[in-house]
Number of protein chains: 2
Amino acid sequence: MKSDGRLARMLHVLVHMALLGGKETSERIAQMLNTNPVVVRRTLGALRDNGIVESEGGRGGGWKMSKTLDDITVLDVQRALHKGTILSAGVSHDHPSCPVERASNAVLESAHAAAEAKLREIYATTTLAEIARIAVASGGEQAAN
Amino acid sequence: MKSDGRLARMLHVLVHMALLGGKETSERIAQMLNTNPVVVRRTLGALRDNGIVESEGGRGGGWKMSKTLDDITVLDVQRALHKGTILSAGVSHDHPSCPVERASNAVLESAHAAAEAKLREIYATTTLAEIARIAVASGGEQAAN
DNA sequence: TTTTTCTGTAACCTAAAATGTTACAGATTG
DNA sequence: CAATCTGTAACATTTTAGGTTACAGAAAAA
């Protein structure tokens, strides 16, 4: 599979949208992400369904933020994009009744659950405002695209 | 992509091999993993290259453990199977010079690094002997396949 | 030495999931 | 009505684990 870059892309584009402050079309956002408008609408659609952005059709339409960067955490975006767990353990299902397989799976699942808890904790305490701050600090004033 | 079940499968099969105590052919191991011998040789080959098991060709050949379960951690098996990091952050490479993209990627990478440290710590302190103990405790005496 | 039984690999095919792409339908503004 | 958006369907593409077939080579057994 291709690696999932949706979270990174959405963080990226949300910060840009907030810094620009207005409404953006899928076409313009696609340029920010070096992709095409359909991919943008697909992915931003999930954020809209979770109250992070809103969209308007028709002439003059486009996408805008529903909240400020301070009110959006990385975890909010993650949850909008993926329903279930963040990390999966990659267990085996070769002999579901085998106690050795079950023990192996249980150990891996438990370890991944602990790692995910750590990840989730960081995601929950990192706002997009902080990303914007890092970007401005490192990239100087040129923060557009 | 199909999810990577190699680690779970190798933990599973190594515990079986140790409990059985002798030498096993790819064919028999394939039955434990509900797959075919070529997949087994491919995957066990990586463990052999890391000193976890050893193989012998020819009639009467097969695979056997090079260490006891106490001397193999989950991290050892993980490292034999995958060279680099365990968790990857799924960053974006749409505009590598964009400071916002870089800040987004940096935040994700840092978070994943913290989660991976946690995961690695657990892997490093979990031996296969412990998995065997869990299996025997939960599955009763029937620990074969 | 010939047969049998193993591993080691090459060379494919398949599956699954994100991403890319084309083509429209529908909505909204001018 | 014309122009400009979003919303979706319907594919094609890419990547990687896994499955499969087919042999070559090694080693014990006959």
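Keep in mind the model is a prediction, meaning the values are calculated, not measured. In what follows, chains carry the letters A, B, and so on, assigned in the order in which the sequence lines appear, proteins first and then strands, with residues in each chain numbered from 1.
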Asks: Please tell me if A:N36 has a side-chain N or O lying less than 4.0 Å from either OP1 or OP2 of C:dG20.
Replies: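 Answer no for this pair, as no side-chain N or O of A:N36 is under 4.0 Å from OP1 or OP2.
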Asks: Could you tell me the separation between the NZ atom of A:K64 and the P atom of D:dC5, rounded to a whole number of Å?
Replies: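 Whole-Å distance recorded here is 16 Å.
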Asks: Round to the nearest Å and state the distance from B:L81 atom CG to D:dG18 atom C1'.
Replies: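 Those two atoms, CG and C1', are 14 Å apart.
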Asks: Regarding B:W63 and B:S26, is there a side-chain donor-to-acceptor distance under 3.5 Å anywhere?
Replies: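 Yes.
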Asks: According to the salt bridge (Lys or Arg N to Asp or Glu O under 4.0 Å) rule, which pairs have a member within residues 75-91 of chain A, sequence neighbours left out?
Replies: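 Listed once each, the pairs would be none.
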Asks: Take the protein atom CZ of A:R28 and the nucleotide atom P of D:dT6, then report the distance between them rounded to whole Å.
Replies: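 Taking atom P of D:dT6 as the reference, CZ of A:R28 is at 12 Å.
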Asks: Under the salt bridge (Lys or Arg N to Asp or Glu O under 4.0 Å) rule, what pairs show up with a residue in residues 40-54 of chain B, not counting sequence neighbours?
Replies: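 As it turns out, there is no salt bridge (Lys or Arg N to Asp or Glu O under 4.0 Å) pair with a partner in residues 40-54 of chain B once direct neighbours are skipped.
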Asks: Measure CG/B:L44 against P/D:dG18 and give the value in whole Å, please.
Replies: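 Interatomic distance, CG of B:L44 to P of D:dG18: 13 Å.
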Asks: Would the distance check show the side chain of B:N34 and the main-chain N or O of B:A30 forming a donor-acceptor pair, the cut-off being under 3.5 Å?
Replies: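 Checked: no pair found.
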Asks: Enter the distance from A:I52:CD1 to A:M10:CE here, rounded to the nearest 0.5 Å.
Replies: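 Between A:I52 CD1 and A:M10 CE, I get 10.5 Å after rounding to 0.5 Å.
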Asks: By the salt bridge (Lys or Arg N to Asp or Glu O under 4.0 Å) test, which pairs, at least two apart or in different chains, include something from residues 107-129 of chain B?
Replies: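 Salt bridge (Lys or Arg N to Asp or Glu O under 4.0 Å) check on residues 107-129 of chain B returns B:E116-B:R120, B:K118-B:E121.
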Asks: Look for any protein N or O under 3.5 Å of an N or O in nucleotides 3-11 of chain C and output each such pair with its distance, or none.
Replies:
from, atom 1, to, atom 2, distance (Å)
C:dT5, O2, B:R59, N, 3.0
C:dC6, O4', B:G58, O, 3.2
C:dC6, O2, B:G58, N, 3.1
C:dT7, OP1, B:S26, N, 2.9
C:dT7, OP1, B:S26, OG, 3.1
C:dT7, OP1, B:W63, NE1, 3.2
C:dT7, OP2, B:S26, OG, 3.0
C:dT7, OP2, B:R41, NH1, 3.4
C:dG8, OP1, B:R48, NH1, 2.4
C:dG8, OP1, B:S55, OG, 2.8
C:dG8, OP2, B:R48, NH1, 3.0
C:dG8, N7, B:R41, NE, 2.9
C:dG8, O6, B:R41, NH2, 3.3

Asks: Side-chain atoms of residues 85-92 of chain A: list all donor-acceptor pairs with protein atoms under 3.5 Å, sequence neighbours left out, distances to 0.1 Å.
Replies:
from, atom 1, to, atom 2, distance (Å)
A:T85, OG1, A:L87, O, 3.4
A:S92, OG, A:E101, OE2, 2.9

Asks: Expressed as a whole number of angstroms, how long is the span from A:D94:CG to D:dA17:P?
Replies: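 These atoms are roughly 16 Å apart.
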Asks: Do B:N105 and B:H93 have a side chain donor and acceptor closer than 3.5 Å?
Replies: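 Distance-only check fails for B:N105 and B:H93.
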Asks: What contact category does A:R9 fall into here, base, sugar-phosphate, or nothing, at under 4.0 angstrom with non-hydrogen atoms?
Replies: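 The residue A:R9 makes sugar-phosphate contact but no base contact.
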Asks: Could you give the CD1-to-P distance, from A:I29 to D:dC5, as a whole number of Å?
Replies: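 Spelled out: CD1 on A:I29 to P on D:dC5 is 12 Å.
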Asks: Using whole Å, report how far NE2 of B:H82 lies from P of D:dT15.
Replies: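 Going from B:H82 (NE2) to D:dT15 (P), I get 19 Å.
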Asks: Measure from NZ on A:K23 to P on C:dT28 and round the result to the nearest Å.
Replies: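 From A:K23 NZ to C:dT28 P: 12 Å.
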Asks: Please report how far the helix from C:dT1-D:dA30 to C:dG30-D:dC1 bends, comparing the axis fitted to its first five pairs with the axis fitted to its last five, to the nearest 10 degrees.
Replies: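 Both end axes considered, the difference amounts to 10°.
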Asks: Reading DNA chain D from 5' onward, which residue's closest nucleotide shows up sooner: B:V39 or A:S3?
Replies: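 First, find each residue's nearest nucleotide; the 5'-ward one identifies A:S3.
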Asks: Just wondering, do B:T73 and B:T126 contact through their side chains at under 4.5 Å, heavy atoms?
Replies: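 With C-beta onward as the side chain, the pair stays apart.
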